[in-house]
Number of protein chains: 2
Amino acid sequence: MARTVAERSDVLPLLAEVFREHGYEGTSLSLISKATGLGKGSLYHFFPGGKEEMAGAVLAEIDGWFEAHVFRPLREADDPATAVAAMFATVAEYFRSGRRVCLVGALSLSDARDRFAGRLRDYFARWVEALAAAMGRAGHPAASAAMLAEEAVGGIQGAVVLARALDRPEVFERILAGLRARCLILEPYPT
Amino acid sequence: MARTVAERSDVLPLLAEVFREHGYEGTSLSLISKATGLGKGSLYHFFPGGKEEMAGAVLAEIDGWFEAHVFRPLREADDPATAVAAMFATVAEYFRSGRRVCLVGALSLSDARDRFAGRLRDYFARWVEALAAAMGRAGHPAASAAMLAEEAVGGIQGAVVLARALDRPEVFERILAGLRARCLILEPYPT
DNA sequence: TCTGTGGTTTACCAATCAGTACAAGAAGGC
DNA sequence: GCCTTCTTGTACTGATTGGTAAACCACAGA
């Protein structure tokens with residue numbers, strides 16, 4: 001039979017895009033089959049656990065990508081301020097100015113949250129921690145760095161929501177610019 | 001037959017809770033039937049358009065609630081600064097410190113966005129406008145008020161995402177406190 | 001060339017999906 | 001009392017759901 005010679009890792013990006021577009025519940029096996037060009041047999045060959053394993057694998061890949069391109073640079077950069085600025089650029093590109101949904105955020109709001117609770121919590125916790133650490137090294141007091149990091153990571157998620165709802169990508173850019181400015185300016189956190 | 005004497009408006013809050021918990025795709029008629037105690041016959045009697053009409057009616061009710069309790073007070077309050085502070089309190093209670101999902105935001109991230117695009121855009125646009133207007137009357141320059149309003153409304157949505165993902169309601173409270181402080185302090189927007 | 005393994009197709013399953021049809025009961029007007 | 005209108009339960013549709021089973025083929029190593 002026609003061998004697609006597809007590897008598991010090859011279909012993950014396609015899979016990710018389907019889940020992003022349709023959510024966990026909205027993603028049916030027939031949609032997946034259409035998007036990947038793989039029949040049900042092949043899909044269950046790669047992912048014996050079915051839809052749940054597919055979503056889990058996608059989440060793991062996203063997590064790995066952010067670890068390599070966002071979290072670790074924040075933690076290990078020689079110049080933390082530059083790393084923070086780079087994070088905003090990387091994230092804006094990744095989310096395509098809000099046109100692309102954050103799957104982790106979307107799952108957090110959805111029914112599937114409980115199913116992946118550990119992974120979702122871990123992703124955001126590590127993001128907040130890495131950002132707070134970078135800002136701390138950049139000169140922010142520890143307390144304000146932690147609060148600012150939470151506000152920034154949450155703000156990015158909210159920017160995706162708002163830009164998508166309003167259908168105005170420039171809103172995403174504008175919010176991120178504001179957040180970046182506040183993360184880089186060293187002033188005491190207003191109380 | 002046992003008349004439940006239910007009015008359409010009586011089942012809307014129950015319906016809203018089901019959609020919030022399971023999302024649009026994840027909400028099945030059997031779930032709705034269980035949550036409302038109404039059989040399919042009754043449901044299609046009240047909502048001939050099926051699930052889509054139900055979700056539309058829920059969105060309209062939510063929109064009306066926010067118009068009455070959030071948007072209009074912001075626009076018409078004698079003391080705009082107090083109104084802004086009141087908004088944060090109202091919203092925190094409504095979203096139960098992030099334990100309750102914003103259905104409008106969740107739909108914006110979901111597959112059903114296109115179906116309700118107009119309503120979603122309208123809801124957020126009016127929120128941002130009303131908040132910006134209030135902050136303008138409170139003394140913020142028009143430009144910074146508009147940007148701050150976008151950041152605040154987006155920030156609230158992001159706070160829901162983050163608090164749910166981390167399973168830490170205090171994160172929601174903390175972010176909202178920070179946003180409120182920034183909306184009330186009159187300082188030039190950092191650039 | 002034979003054979004085992006990894007990948008694929010196809011057919012199938014029971015369950016559930018949204019939606020329809022309709023008969024039947026309950027309530028209010030007369 | 002009856003009759004109409006509104007509301008409900010039940011039964012049904014055809015399509016789709018996630019998932020299984022097994023026959024089947026391609027290819028690499030021996």
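Note on naming: letters A, B, ... go to the chains in the order of the sequence lines (proteins, then strands), and numbering restarts at 1 for each one.
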Chemist: Counting the atoms with a prime plus P, OP1 and OP2 as sugar-phosphate, which does Gly50(B) contact under 4.0 Å by heavy atoms, base, sugar-phosphate, or nothing?
Modeler: sugar-phosphate
Chemist: For the side chain of Leu29(A), counting heavy atoms from C-beta on, which of dT17(D), dT8(D), dG19(D) is nearest?
Modeler: dG19(D)
Chemist: Tell me: CZ of Arg8(B) to P of dT8(D), nearest whole Å?
Modeler: 14 Å
Chemist: Could you tell me the separation between the CD atom of Glu53(A) and the P atom of dT20(D), rounded to a whole number of Å?
Modeler: 12 Å
Chemist: Would you call Arg113(A) and Tyr24(A) a side-chain contact if the rule is heavy atoms closer than 4.5 Å?
Modeler: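 They are not in contact (no side-chain heavy atoms under 4.5 Å apart), so the answer is no.
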Chemist: Please state how far atom OH in Tyr24(B) lies from atom P in dC17(C), giving the value in whole angstrom units.
Modeler: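 Distance, rounded to whole Å: 14 Å.
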Chemist: Assign Thr27(B) to base, sugar-phosphate, or nothing according to its heavy-atom contacts below 4.0 angstrom with the strands shown.
Modeler: sugar-phosphate
Chemist: So, are Glu129(B) and Arg126(B) salt-bridged, with charged N and O less than 4.0 Å apart?
Modeler: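 No, Glu129(B) and Arg126(B) are not salt-bridged.
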Chemist: Tell me: CD of Glu25(A) to P of dT17(D), nearest whole Å?
Modeler: 14 Å
Chemist: Before giving the answer on side chain to side chain contact (heavy atoms under 4.5 Å, CB included), spell out for Tyr94(A) and Val70(A) the whole-Å C-alpha distance, their side-chain angles and the decisive distance to 0.1 Å.
Modeler: CA-CA 11 Å; Tyr94(A) 181 86; Val70(A) 179; over 6 Å; no
Chemist: Can you check the Tyr44(B) OH to dG9(D) C1' distance for me, whole Å?
Modeler: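 Rounded to whole Å, this separation is 16 Å.
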Chemist: Could you give the CD1-to-C1' distance, from Ile32(B) to dA18(C), as a whole number of Å?
Modeler: 10 Å
Chemist: Looking for any heavy atom pair under 4.0 Å, which part of the strands does Gly39(B) touch: base, sugar-phosphate only, or nothing?
Modeler: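 Touches sugar-phosphate only.
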Chemist: Could you tell me whether the side chain of Lys40(B) has a donor or acceptor atom within less than 3.5 Å of a complementary atom in the base of dG19(C)?
Modeler: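 Counting by modelled atom types and ignoring angles, a donor-acceptor contact under 3.5 Å is found here.
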Chemist: If I take atom NE2 in residue His22(A) and atom C1' in nucleotide dG18(D), what distance separates them, rounded to the nearest angstrom?
Modeler: 17 Å
Chemist: Between Ser28(A) and dT17(D), is there a contact of a side-chain N or O with OP1 or OP2 at under 4.0 Å?
Modeler: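 Affirmative; the distance criterion is met.
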Chemist: Got a salt bridge between Arg8(B) and Glu53(B), using NZ or NE/NH1/NH2 to carboxylate O under 4.0 Å?
Modeler: yes
Chemist: Begin from the C-alpha positions of Arg75(B) and Glu67(B) and carry the test salt bridge (Lys or Arg N to Asp or Glu O under 4.0 Å) through to its verdict.
Modeler: CA-CA 10 Å; Arg75(B) 282 191 223 104; Glu67(B) 177 62 37; 2.9 Å; yes
Chemist: Taking only side-chain nitrogens and oxygens of Ser30(B), does any of them come within less than 4.0 Å of OP1 or OP2 of dC17(C)?
Modeler: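 So the side-chain polar atoms of Ser30(B) do come within 4.0 Å of the phosphate oxygens OP1 or OP2 of dC17(C), strictly under.
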Chemist: Write down the distance between CZ (Phe46(B)) and P (dG9(D)), rounded to a whole number of angstrom.
Modeler: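 These atoms are roughly 11 Å apart.
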Chemist: Answer yes or no: does a side-chain N or O of Ser42(A) lie under 4.0 Å from OP1 or OP2 of dT8(C)?
Modeler: yes
